[in-house]
Protein chains: 2
Amino acid sequence: MQTLDGTDLRLLLELAKDPRRTVVALAQKLGLSRNTVQARMSALESRNVFLSFERRINPVSLGYPLLAFISIHVQQHKLGALTDSLAQIPEVVEAFGLTGAADLLVRVVCTDAEDLFRINGKIQACDGVERTDTSLAMGELIPFRLNPLLQRGPRHTG
Amino acid sequence: MQTLDGTDLRLLLELAKDPRRTVVALAQKLGLSRNTVQARMSALESRNVFLSFERRINPVSLGYPLLAFISIHVQQHKLGALTDSLAQIPEVVEAFGLTGAADLLVRVVCTDAEDLFRINGKIQACDGVERTDTSLAMGELIPFRLNPLLQRGPRHTG
DNA sequence: GCAAAATAGTGCATTTTGCTCAATTTCGCG
DNA sequence: CGCGAAATTGAGCAAAATGCACTATTTTGC
């Protein structure tokens, strides 16, 4: 997966400003022809530059105002099965395998403290889980952003 | 911010399947009139159900294949200033204030291990930082998803 | 059961899309 | 420097989608 060039980045920046911009409007804004923009967009699509739309949905709107991160210590050989178990819990919205102190970091959304308690129990009940450490997110200090990296320009093209 | 009803959820589900679906196609798919879908979409927009488009951009495509989570212990009263400092580091893509062991959880993308080392140093150099714990994400076991929660339906309407 | 809100249906001008084709420019590389 | 491939441009055109408005009809909350 090769890196993107400056034009791609400018496209992405404009999209970040307004995701509903039309191809025509983008072409005009960037001083490119419509064909070029359309080709670029298709290329971005097929290169999997765009992640799932679900990422743009606000969990708060869905009725899950609470966010928590749960670190999990796992019995190593059971990691595969555990991933499947975690995938069965709807409130688990994201999970990573980690180096360092903990083995797994799980992102969880929930309706309230009681709900979090319940979900945490569910996780602890999964086969392979040795210990969990739950941290409630008190504030979104820096909401997800890629803008600074987009503006910095392409990384050493090649 | 009131919760969404079943129709909104079905809309979001369809959008998750294919974000580029037109209003017309959505209306047809859901058995609604175009007017209704258009009104719903506007309502979702103005209710801030949609988060920034940046969330859909793949950092790997941008040339940042590595992802890390850094826990930070902070001198409490310096949290505000620290947030500003962290915001100045482009590779910091997300940050949360936490309860529990650590005070801050920071999500960082980088080009390679050396890059991560450099960024970690930058964070440690910030005023207010007492200690950091870095974990490299070895695998995206469960990529971000909201689908299970969407399919579950609306949370106790009211 | 009433009033307000949501939905459906219709219409129309304008814009956007998807597609193709040929000419031109830019770029990689020997 | 110069060749050939790739990218970009401009044009055209039919089909589709959008934005807007207006009026019934249905659904909903109280």
Side-chain angles (χ1 to χ4, degrees), chain A residues 1-53 56-58 60-63 111 150-158, chain B residues 1-53 56-58 60-63 111 150-158:
Chain A
M1 181 187 291
Q2 51 192 330
T3 55
L4 312 176
D5 67 10
T7 303
D8 291 315
L9 263 46
R10 285 199 301 149
L11 258 175
L12 293 176
L13 264 171
E14 285 307 317
L15 280 177
K17 277 192 214 161
D18 177 9
R20 308 179 11 143
R21 270 244 157 71
T22 65
V23 171
V24 176
L26 288 170
Q28 190 172 358
K29 187 91 176 187
L30 298 192
L32 299 172
S33 80
R34 179 161 81 92
N35 279 348
T36 301
V37 173
Q38 224 147 18
R40 293 271 181 169
M41 291 293 285
S42 307
L44 292 177
E45 281 268 343
S46 60
R47 279 198 272 173
N48 284 0
V49 173
F50 299 124
L51 302 173
S52 115
F53 179 82
R56 285 201 55 205
I57 302 176
N58 190 345
V60 178
S61 306
L62 260 44
T111 60
L150 287 174
Q151 275 166 349
R152 164 192 282 196
R155 300 284 76 190
H156 35 70
T157 307
Chain B
M1 184 187 290
Q2 52 192 329
T3 56
L4 312 175
D5 67 11
T7 302
D8 290 315
L9 264 45
R10 285 200 301 147
L11 258 175
L12 293 177
L13 264 173
E14 286 306 317
L15 280 178
K17 278 192 214 161
D18 177 9
R20 307 178 12 144
R21 269 243 156 71
T22 65
V23 171
V24 176
L26 288 170
Q28 191 173 357
K29 186 92 176 186
L30 298 192
L32 300 171
S33 79
R34 180 161 81 92
N35 280 346
T36 301
V37 173
Q38 225 147 20
R40 293 272 182 169
M41 291 294 285
S42 306
L44 291 177
E45 281 267 343
S46 61
R47 277 197 274 172
N48 284 2
V49 173
F50 299 123
L51 302 173
S52 116
F53 179 82
R56 285 201 55 207
I57 302 177
N58 190 345
V60 178
S61 306
L62 260 43
T111 60
L150 288 173
Q151 275 166 349
R152 164 191 283 194
R155 300 283 76 191
H156 36 70
T157 307

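This structure is a prediction, so every number in the text was calculated from the model and none was measured. Residue numbering restarts at 1 for every chain, and letters A, B, ... go by the order of the sequence lines.
- Within the structure, a side-chain polar atom (N or O) of B/R40 is placed less than 4.0 Å from OP1 or OP2 of C/dT7.
- Between A/F50 and B/F53, a ring centre-to-centre spacing shorter than 6.0 Å is recorded.
- An OP1 or OP2 oxygen of C/dG9 is reached within less than 4.0 angstrom by no side-chain nitrogen or oxygen of B/S33.
- Ion pairing of A/K29 with A/D18 is absent here, as no side-chain N (NZ or NE/NH1/NH2) approaches a carboxylate O to less than 4.0 Å.
- In this structure, CG of B/D5 is placed 15 Å from C1' of D/dG29, rounded to the nearest angstrom.
- Nearest to the side chain of B/R34, among C/dT10, D/dG19, C/dT17, sits D/dG19.
- Between the base of C/dG18 and the side chain of B/R20 there is no donor-acceptor pair shorter than 3.5 Å.
- Put simply, A/Q38 has no side-chain N or O that comes within less than 4.0 Å of OP1 or OP2 on C/dT17.
- Counting to the nearest Å, the P atom of D/dA7 and the CG atom of A/D8 are 11 Å from each other.
- Pairing partner, D/dT27: C/dA4, with both Watson-Crick or wobble hydrogen-bond distances short of 3.5 Å.
- Remark: A/D5 engages A/R40 in a salt bridge, criterion side-chain N to carboxylate O under 4.0 Å.
- In this structure, A/T36 reaches the D/dT9 phosphate: one of its side-chain N or O atoms is under 4.0 Å from OP1 or OP2.
- In this structure, A/L30 atom CG and D/dT8 atom C1' are separated by 14 Å, rounded to whole Å.
- Checking B/R21 against A/L32, the closest nucleotide of DNA chain D that is more toward the 5' end is the one next to A/L32.
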Exercise. Before giving the answer on side-chain contact (heavy atoms from CB on, under 4.5 Å), spell out for A/D8 and A/L44 the whole-Å C-alpha distance, their side-chain angles and the decisive distance to 0.1 Å.
Key: CA-CA 8 Å; A/D8 291 315; A/L44 292 177; 3.9 Å; yes
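- In this structure, the nucleotide among D/dC22, C/dT17, C/dC21 sitting nearest to the side chain of A/N35 is C/dC21.
- For A/L44 and D/dA7, the CG to C1' distance is 15 Å, given to the nearest whole Å.
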